[in-house]
Amino acid sequence: STIFKHVSCKTVPESMWGNCFVNFFALIMNKVVNIRTIILYTEVVEDNPEHYYFLDLNSYEILSRKDLVEELGYEEDALNDEVTLEYSSSLLPVLKINVVEKMKEFLVIEHEEEFLKSIRDLDNNDMYIAFDVRCERDTFLEMHWSEYIEKVEIEEAIRWCNEHNLKYEL
């Protein structure tokens, strides 16, 4: 069959073969990640290293940290080790996006440097609140922000899928 000619684990270290075969299985079973689903479960973060949602590479279902710990017996600490998770348990932490960094990028693009300077010394939470208030007062800015962050989410979700060799659909 031609599919076997295009999928090879030869370049993958032996310790990571489990994930290679999981992805191979997903490929032959035509498993596909829905980008909108990934975006729905994308975590908006500042600098939190913990993940709350995970993609099960066997079933392609999204599982929560709570479900993994309470129902499936995973240890909390084990859920923080991304490399071990992906290659030994077939769990992949769902995408994280630092929305405050994206907000800063957006303000530069929109030539709102003065506003950005005025909130630069705030902590991330207060900065986000100030930005949100500004958007509520400026519907044009709010509309552009909505368009911008939607585009960023789609691009980041596609990048995440490609990075993990996951087939996806929009």
Side-chain angles (χ1 to χ4, degrees), residues 1 3-106 122-129 131-132 145-146 148-170:
S1 159
I3 197 165
F4 293 105
K5 292 179 185 174
H6 302 290
V7 178
S8 172
C9 290
K10 290 179 182 174
T11 59
V12 177
E14 189 173 338
S15 64
M16 299 179 182
W17 282 4
N19 187 49
C20 183
F21 290 119
V22 167
N23 284 345
F24 174 71
F25 179 73
L27 178 66
I28 62 173
M29 296 304 292
N30 280 332
K31 291 195 176 185
V32 177
V33 174
N34 183 292
I35 292 295
R36 296 287 176 195
T37 300
I38 295 304
I39 291 170
L40 180 65
Y41 288 97
T42 292
E43 297 181 60
V44 176
V45 298
E46 293 170 19
D47 293 318
N48 184 357
E50 291 187 352
H51 290 272
Y52 190 75
Y53 293 107
F54 300 83
L55 175 67
D56 181 327
L57 293 171
N58 293 314
S59 66
Y60 273 43
E61 292 178 306
I62 303 291
L63 303 171
S64 72
R65 174 181 285 273
K66 181 181 176 188
D67 290 342
L68 290 168
V69 170
E70 292 178 5
E71 295 176 22
L72 299 175
Y74 279 82
E75 296 290 327
E76 282 283 341
D77 290 342
L79 295 176
N80 295 329
D81 185 351
E82 293 182 33
V83 174
T84 301
L85 274 177
E86 185 176 355
Y87 296 111
S88 67
S89 68
S90 301
L91 289 175
L92 183 61
V94 172
L95 173 67
K96 285 185 171 190
I97 295 178
N98 186 326
V99 73
V100 172
E101 287 303 315
K102 297 302 176 188
M103 176 192 71
K104 291 175 187 176
E105 292 170 12
F106 170 75
L122 299 175
D123 67 28
N124 283 347
N125 191 48
D126 289 341
M127 188 182 293
Y128 186 81
I129 291 169
F131 175 76
D132 198 40
W145 168 248
S146 295
Y148 175 79
I149 198 64
E150 180 180 12
K151 180 182 173 203
V152 165
E153 288 170 337
I154 291 169
E155 289 171 355
E156 290 292 314
I158 289 171
R159 181 199 52 76
W160 180 82
C161 287
N162 288 333
E163 182 179 302
H164 296 288
N165 299 315
L166 302 171
K167 287 176 60 176
Y168 62 87
E169 65 184 9
L170 291 174

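Everything numeric in this text was worked out from a predicted model, so none of it was measured.
The structure places CD of E155 at 10.0 Å from CD1 of I97, a figure rounded to the nearest 0.5 Å. Rounded to the nearest 0.5 Å, atoms CD1 (I149) and CD1 (I39) are 10.0 Å apart. From L122, atom CG reaches atom CD1 of I129 across 9.5 Å, with rounding to the nearest 0.5 Å. Here the CE atom belonging to M103 is positioned 7.5 Å from the CG atom belonging to N124, to the nearest 0.5 angstrom. Atom CD1 of I154 is separated from atom CG of L170 by 6.5 Å, given to the nearest 0.5 angstrom. In this structure, CH2 in W145 is found 4.5 Å from CZ in F131, a value given to the nearest 0.5 Å.
At a threshold of 4.5 Å between non-hydrogen side-chain atoms, the residues L166 and Y60 count as touching. Side-chain contact between T42 and E156 is absent, with no heavy-atom pair separated by less than 4.5 Å. You'll find the side chain of I38 reaches within 4.5 Å of the side chain of I62, heavy atoms only. Annotation: side chain of V100 is in contact with side chain of M127 (closest heavy-atom distance under 4.5 Å). Between W160 and L55 the shortest side-chain heavy-atom distance falls below 4.5 Å.
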Step-by-step side-chain contact (heavy atoms from CB on, under 4.5 Å) determination, E76 to V69: CA-CA 7 Å; E76 282 283 341; V69 170; 3.5 Å; yes
Steps toward side-chain contact (heavy atoms from CB on, under 4.5 Å) verdict (R65, N80): CA-CA 10 Å; R65 174 181 285 273; N80 295 329; 2.8 Å; yes
Pair D56-L91, side-chain contact (heavy atoms from CB on, under 4.5 Å): steps then yes or no: CA-CA 5 Å; D56 181 327; L91 289 175; 4.3 Å; yes
Candidate pair Y128 and V44, rule side-chain contact (heavy atoms from CB on, under 4.5 Å), full reasoning: CA-CA 12 Å; Y128 186 81; V44 176; over 6 Å; no
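Residues satisfying the ring pair (Phe, Tyr, Trp, His ring centres under 6.0 Å) criterion with F54, sequence neighbours excluded, are absent altogether. Applying the side-chain contact (heavy atoms from CB on, under 4.5 Å) test to E105 and every residue at least two apart in sequence or in another chain returns K102, Y148. D67 meets the side-chain contact (heavy atoms from CB on, under 4.5 Å) test with S64, E71; sequence neighbours excluded.
Nearest heavy-atom pair, K31 versus S59, reported as atom, atom and distance to 0.1 Å: NZ-CA, 3.6 Å. Summarising the geometry of S90 relative to N58, their closest heavy-atom pair is CB-ND2, 3.8 Å, with the distance given to 0.1 Å.
E43 places a side-chain N or O within donor-acceptor distance of the main-chain N or O of Y52, the cut-off being under 3.5 Å.
Remark: E169 CD is packed, more than 12 non-hydrogen atoms of other residues, nucleotides or ligands lying under 6.0 Å away.
Electrostatic pairing of E163 and R159 counts as a salt bridge here, judged by a charged N lying under 4.0 Å from a carboxylate O.
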